[in-house]
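What follows is one structure encoded as structure tokens, with my remarks underneath.
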Amino acid sequence: MLTLLAVLVMLMVIFGFSAENAVLSSERSGSITMRILDAASRWFHIKISQSAARGWQKILETPLRKSAHFMEYALLSYLVNWHMLARKMYKEPDFFMKNRKQAITILKRELCLGLLFCVCYAISDELHQLFVPGRAGRLFDVCVDGAGACFGMVIFLTMPLQKVTMIRKERKDAL
């Protein structure tokens with residue numbers, strides 16, 4: 001199923017970023033931060049000296065890294081929930097139309113399981129970083145990841161009609 005493949009790819013992307021040693025990870029964040037500063041200076045027509053840019057880079061690097069954590073897990077949560085819904089719809093296409101009350105109860109359970117999966121993966125991700133040179137596992141990062149997963153779940157819940165339509169089309173194409 002394509003949804004499972006999307007989840008697995010996202011898990012590998014997160015693992016890959018976590019496997020980078022501290023120097024490489026910091027260089028990547030610094031490079032992205034400098035590109036953002038460069039784009040902002042061009043956009044707002046502001047001249048920024050190299051020393052000022054380095055100062056801003058140090059200030060913005062941590063928020064950028066935490067935003068990346070948040071967005072990675074928002075996307076993971078969205079994909080996990082999409083997969084769980086697609087699996088349910090594939091097994092029983094009219095499930096959500098037959099008994100709405102039972103369907104909502106099951107959907108809530110599936111969403112909680114999806115969130116739990118994402119938080120457990122965040123914990124394992126931080127444990128993994130304990131073994132990467134220069135990296136550290138941080139409880140704060142697990143909290144940021146969990147908040148991102150909650151955000152992804154909210155985004156998932158705000159687009160139910162588009163998802164149901166896509167899932168039904170995917171199912172018809174598979175047959």
Side-chain angles (χ1 to χ4, degrees), residues 1-41 48-88 90 105-159 163 167:
M1 198 176 251
L2 292 176
T3 56
L4 180 59
L5 180 63
V7 170
L8 293 174
V9 166
M10 191 62 208
L11 292 173
M12 288 187 292
V13 166
I14 292 171
F15 183 85
F17 283 134
S18 294
E20 292 179 345
N21 66 44
V23 173
L24 183 59
S25 178
S26 185
E27 285 174 1
R28 181 186 308 277
S29 297
S31 171
I32 292 169
T33 305
M34 289 304 279
R35 282 190 233 146
I36 291 170
L37 285 170
D38 184 50
S41 70
I48 300 176
S49 68
Q50 284 293 339
S51 62
R54 281 192 291 279
W56 278 107
Q57 179 187 13
K58 288 178 182 175
I59 292 168
L60 296 174
E61 188 172 341
T62 298
L64 178 74
R65 291 173 77 95
K66 299 311 169 196
S67 297
H69 270 268
F70 185 89
M71 293 310 295
E72 283 175 338
Y73 279 86
L75 181 56
L76 176 63
S77 175
Y78 185 92
L79 293 173
V80 165
N81 286 305
W82 182 27
H83 170 68
M84 294 174 89
L85 180 64
R87 190 192 63 198
K88 187 63 80 183
Y90 186 78
T105 301
I106 290 172
L107 181 62
K108 286 178 184 176
R109 186 188 75 217
E110 297 282 322
L111 290 170
C112 288
L113 287 173
L115 183 61
L116 180 64
F117 173 81
C118 291
V119 171
C120 287
Y121 192 75
I123 292 168
S124 72
D125 183 47
E126 293 303 314
L127 290 173
H128 164 240
Q129 287 184 27
L130 292 173
F131 302 100
V132 177
R135 301 289 295 265
R138 293 187 174 90
L139 180 60
F140 181 74
D141 286 349
V142 172
C143 294
V144 170
D145 298 341
C150 288
F151 181 73
M153 186 172 64
V154 168
I155 296 299
F156 177 81
L157 288 171
T158 60
M159 298 189 284
K163 281 189 297 300
I167 290 165

Pair L60, I36 - check side chain to side chain contact (heavy atoms under 4.5 Å, CB included), show working. CA-CA 10 Å; L60 296 174; I36 291 170; 5.7 Å; no

Taking every heavy atom of C118 against every heavy atom of Y73, the minimum-distance pair comes out as O-CE2, 3.6 Å

Note to self: Donor-acceptor check, side chain of E126 to backbone of R138, threshold 3.5 angstrom: yes or no?
What the structure shows: yes

Please assess L111 against L115 for the test side chain to side chain contact (heavy atoms under 4.5 Å, CB included), listing each intermediate value before the final yes or no. CA-CA 6 Å; L111 290 170; L115 183 61; over 6 Å; no

TODO: Apply side chain to side chain contact (heavy atoms under 4.5 Å, CB included) to the pair V9 and L79, showing each step before the final yes or no.
DONE: CA-CA 10 Å; V9 166; L79 293 173; over 6 Å; no

Rounded to the nearest 0.5 Å, the CE atom of M71 sits from the CZ atom of F151 at a distance of 6.0 Å

Quick check: does any side chain N or O of T158 sit under 3.5 Å from a backbone N or O of I155, one acting as donor and the other as acceptor?
yes

Tightest non-hydrogen contact, residues V23 and N21, listed as N-OD1, 3.0 Å

Scanning both residues in full, the closest heavy-atom pair of N81 with G114 reads OD1-CA, 4.2 Å

To the nearest 0.5 Å, atom CG of L11 lies from atom OH of Y121 at 5.0 Å

Rounded to the nearest 0.5 angstrom, the CZ-CE distance for F17 and M12 is 13.0 Å

Closest non-hydrogen atoms of G30 and Q57, given as atom of the first, atom of the second and distance, are CA-NE2, 2.9 Å

So NE2 of H128 and CD1 of I123: to nearest 0.5 Å the spacing works out to 16.0 Å

Measure the shortest side-chain to side-chain distance between D125 and F15 over non-hydrogen atoms and say whether it is less than 4.5 angstrom. no

Rounded to the nearest 0.5 angstrom, the CD1-CG distance for I32 and L37 is 12.5 Å

inquiry  = Checking S18 against Q129: is there a side-chain donor and acceptor pair closer than 3.5 Å?
reply    = yes

Less than 4.0 angstrom from a charged side-chain N to a carboxylate O is my criterion; do E20 and R135 meet it? no

For a 4.5 angstrom cut-off between non-hydrogen side-chain atoms, does V119 reach D145? no

_Any donor-acceptor N/O pair, S41 side chain to D38 backbone, under 3.5 Å_ = yes

Aromatic plane relationship, Y78 with W82 - under 30° parallel, 30 to 60° tilted, over 60° perpendicular
tilted

For this session: Go through the side-chain N and O atoms of S25 and R65 and say whether any donor and acceptor fall under 3.5 Å apart.
Result: yes

Please determine whether side chain to side chain contact (heavy atoms under 4.5 Å, CB included) holds for the pair L85 and E110, giving the CA-CA distance in whole Å, both sets of side-chain angles, and the decisive distance to 0.1 Å.
CA-CA 8 Å; L85 180 64; E110 297 282 322; over 6 Å; no

**Request:** In plain terms, say whether D141 and K66 are close enough for a salt bridge, that is, a side-chain N and a carboxylate O under 4.0 Å apart.
**Result:** yes

### Message
Using only atom types and a distance under 3.5 Å, with no angle test, would you say the side chain of S77 pairs donor to acceptor with the backbone of A149?
### Response
yes

Discussion item. Are the side chains of L113 and M84 in contact, using a 4.5 Å heavy-atom criterion?
Written reply: yes

ask   = Side chains of S31 and R35: donor-acceptor distance under 3.5 Å anywhere?
value = yes

In this structure, CZ of R54 is separated from OG1 of T33 (nearest 0.5 Å) by 14.0 Å

